[in-house]
Asker: 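Structure incoming, see below.
Fair warning: this is a prediction, and the values are worked out from it, not measured in the lab. Numbers here are sequence positions counted from 1.
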Amino acid sequence: MRTKLVAPPFGLPTSVIPIFTAVAIRQAVSRLKWVNRTDTFESLLWDACCIGTALKLRFDSFKPKQLQVLDALHRVMGLPPFTATETEDQARETISKLRVYYKELPDAVRHSSKLSLETRTLFETLKRPGLDAQEVADALLETVRGAADAEQMAHILHGIFDAVAMIRDERLAVMRQVIVPTLQAPEQKRRIIETLSQRGDAELVQALERIDQDEAAALSDLSRIIVGKPLDQCSDIEIGRLSGDIEQLLTRAMESVIPEPVQPANLTPATLVETSSVEHPLDACFQNNLSVLVERYRESLGTYKMIAILLNQMTQLRQSVKADVTERL
């Protein structure tokens, strides 16, 4: 406007433009505000008219269509219905609640590839700094474009909120699908936890043991242990990788579960003497138990450490036999 007024055919001096502008807006001045500025109205008016800044004026009150979409959003978010006397304040409260809702969403959900185009566009608007209430209302109108009335607007907005909630819950659902069936059998869960304890995975054990008490927190702990971040902060790709890693972890733990050593039968000295010439049950029992112990401790001790222990035991047995022979002689 300033450019037109100072150019031909008007050619007004810049010093008089604020006066003409003040006269033109005097009846609506209480409803006007400068966009994204907090200085006094008069000083900004002078700057806009005389210096030629890019300042913009707009009505501070909402247009009927904006109020309609904000009323629909108000209901979708479960807030009390608008009242005739406080419509403007309630509309602003609704926008404040929407901003809080967006701010509290995990980054992974805000940037999920599964969001609809309308939702992504709305979120892009909400993350812009210095956004005023009018611009948020306009963004909502663009989101529900094509809706004939408030009911249709509410239906579209409900779909957006439900879709976002599903994306948040989907992370838990994916993890549940992998973990819960595996741990449903108490004996299987006990044996997996026992194997992980033997490996020294204390944090994993604590997280698995918490699943029955606080599933969401326990699954988030598993995510933090394995990929280094809470579950709700994982991207879609990380969720897929995480579920695969946990499935492999549980499978390996189940495959590593070794049965308890078999207790030998009570054999009498007579039996041992009578069967000394053949392979009797005690030999097989000892060999089986030794195999069980080797398998049980191979991963935690390491092959070379285990060989050293077994060689030490064999050396002690040889020394014991030599001592017995020497004593008999």
Asker: Is the closest side-chain heavy-atom distance between Leu79 and Leu73 below 4.5 Å?
Answerer: no

Asker: Hey, quick one: are Phe161 and Tyr102 part of the same hydrophobic cluster, counting side-chain heavy atoms closer than 4.5 Å, chains of contacts allowed?
Answerer: yes

Asker: Which pair of heavy atoms, one from Ala207 and one from Ile225, lies closest together, and at what distance?
Answerer: CB-CD1, 4.4 Å

Asker: Measure across Ile156 and Thr143 and return the closest heavy-atom pair with its distance rounded to 0.1 Å.
Answerer: CG2-O, 4.1 Å

Asker: Please report the shortest heavy-atom distance between Cys234 and Val227, naming the atom on each side.
Answerer: SG-CG2, 3.8 Å

Asker: For the side chain of Asp149 and the backbone of Gln152, is there at least one donor-acceptor N/O pair under 3.5 Å apart?
Answerer: yes

Asker: Are Val164 and Phe123 side-chain neighbours, meaning at least one heavy-atom pair lies under 4.5 Å?
Answerer: yes

Asker: Taking side chain to side chain contact (heavy atoms under 4.5 Å, CB included) as the test, write out the residues that go with Glu142, two or more places apart.
Answerer: Arg145

Asker: Set out, in order, the CA-CA distance, both residues' side-chain angles and the distance that settles side-chain contact (heavy atoms from CB on, under 4.5 Å) for Ile160 and Leu115, then state yes or no.
Answerer: CA-CA 9 Å; Ile160 289 175; Leu115 292 173; over 6 Å; no

Asker: Counting only heavy atoms not in His111, do more than 12 fall under 6.0 Å of its NE2?
Answerer: yes

Asker: With distance as the sole criterion, is a donor-acceptor pair present between the side chains of Ser223 and Ser220 under 3.5 Å?
Answerer: no

Asker: Rounded at 0.5 Å granularity, tell me how far CD1 in Ile226 sits from OG in Ser243.
Answerer: 10.0 Å

Asker: Could you tell me whether a side-chain N or O of Thr121 sits under 3.5 Å from a main-chain N or O of Leu117, the two making a donor and an acceptor?
Answerer: yes

Asker: Report the distance from atom CG of Leu204 to atom OG1 of Thr195, rounding to the nearest 0.5 Å.
Answerer: 12.5 Å

Asker: Could you walk me through whether Thr315 and Arg318 pass the side-chain contact (heavy atoms from CB on, under 4.5 Å) check?
Answerer: CA-CA 5 Å; Thr315 300; Arg318 287 197 198 97; 4.0 Å; yes

Asker: Can you check side-chain contact (heavy atoms from CB on, under 4.5 Å) on Met153 and His158, steps first, answer last?
Answerer: CA-CA 9 Å; Met153 290 179 179; His158 236 306; over 6 Å; no

Asker: Would you mind checking if Glu203 and Arg224 are paired as a salt bridge, meaning a charged N to carboxylate O distance below 4.0 Å?
Answerer: yes

Asker: Any salt bridge linking Lys189 with Glu209? Criterion: basic side-chain nitrogen under 4.0 Å from a carboxylate oxygen.
Answerer: no

Asker: So Glu238 and Lys229, do their side chains get closer than 4.5 Å, heavy atoms only?
Answerer: yes

Asker: Charged N to carboxylate O under 4.0 angstrom, Glu187 versus Arg190?
Answerer: yes

Asker: Distance from Ile179 atom CD1 to Ile246 atom CD1, nearest 0.5 Å?
Answerer: 4.0 Å

Asker: Does the side chain of Leu196 reach to within under 4.5 Å of the side chain of Leu249, using non-hydrogen atoms?
Answerer: yes

Asker: Looking at Arg120 and Ser113, what are the two nearest heavy atoms and their distance?
Answerer: NH1-O, 4.0 Å

Asker: Is any NZ, NE, NH1 or NH2 atom of the basic residue among Arg110 and Asp107 found under 4.0 Å from an Asp or Glu carboxylate oxygen of the other?
Answerer: yes

Asker: How about Glu135 and Arg128: do any of their side-chain heavy atoms sit closer than 4.5 Å?
Answerer: yes

Asker: Same hydrophobic cluster for Leu70 and Tyr101, using side-chain heavy-atom links shorter than 4.5 Å among ILVMFWY?
Answerer: yes

Asker: Less than 4.5 Å apart, side chain to side chain, heavy atoms only: is that true for Leu140 and Thr125?
Answerer: no

Asker: With rounding to the nearest 0.5 angstrom, report the CD1 to CG distance, Ile167 to Asp162.
Answerer: 11.5 Å

Asker: Please determine whether side-chain contact (heavy atoms from CB on, under 4.5 Å) holds for the pair Arg210 and Gln206, giving the CA-CA distance in whole Å, both sets of side-chain angles, and the decisive distance to 0.1 Å.
Answerer: CA-CA 6 Å; Arg210 287 183 60 199; Gln206 290 175 2; 5.5 Å; no

Asker: Does some side-chain heavy atom of Leu67 sit less than 4.5 Å from a side-chain heavy atom of Pro64?
Answerer: no

Asker: Hey, are the side chains of Leu222 and Leu208 touching, using non-hydrogen atoms and a 4.5 Å cut-off?
Answerer: yes

Asker: Once you round to the nearest 0.5 Å, how far does OG1 of Thr94 lie from NE2 of His74?
Answerer: 4.5 Å

Asker: I'd like to know if Glu151 pairs up with Arg75 as an ion pair, taking the criterion as any Lys NZ or Arg NE/NH1/NH2 lying under 4.0 Å from an Asp or Glu carboxylate oxygen.
Answerer: yes

Asker: Is a donor on one side and an acceptor on the other found under 3.5 Å between the side chain of Gln66 and the backbone of Lys63?
Answerer: yes

Asker: Step through the shown structure and confirm whether more than 12 heavy atoms of other residues, nucleotides or ligands are within 6.0 Å of CD1 on Ile237.
Answerer: no

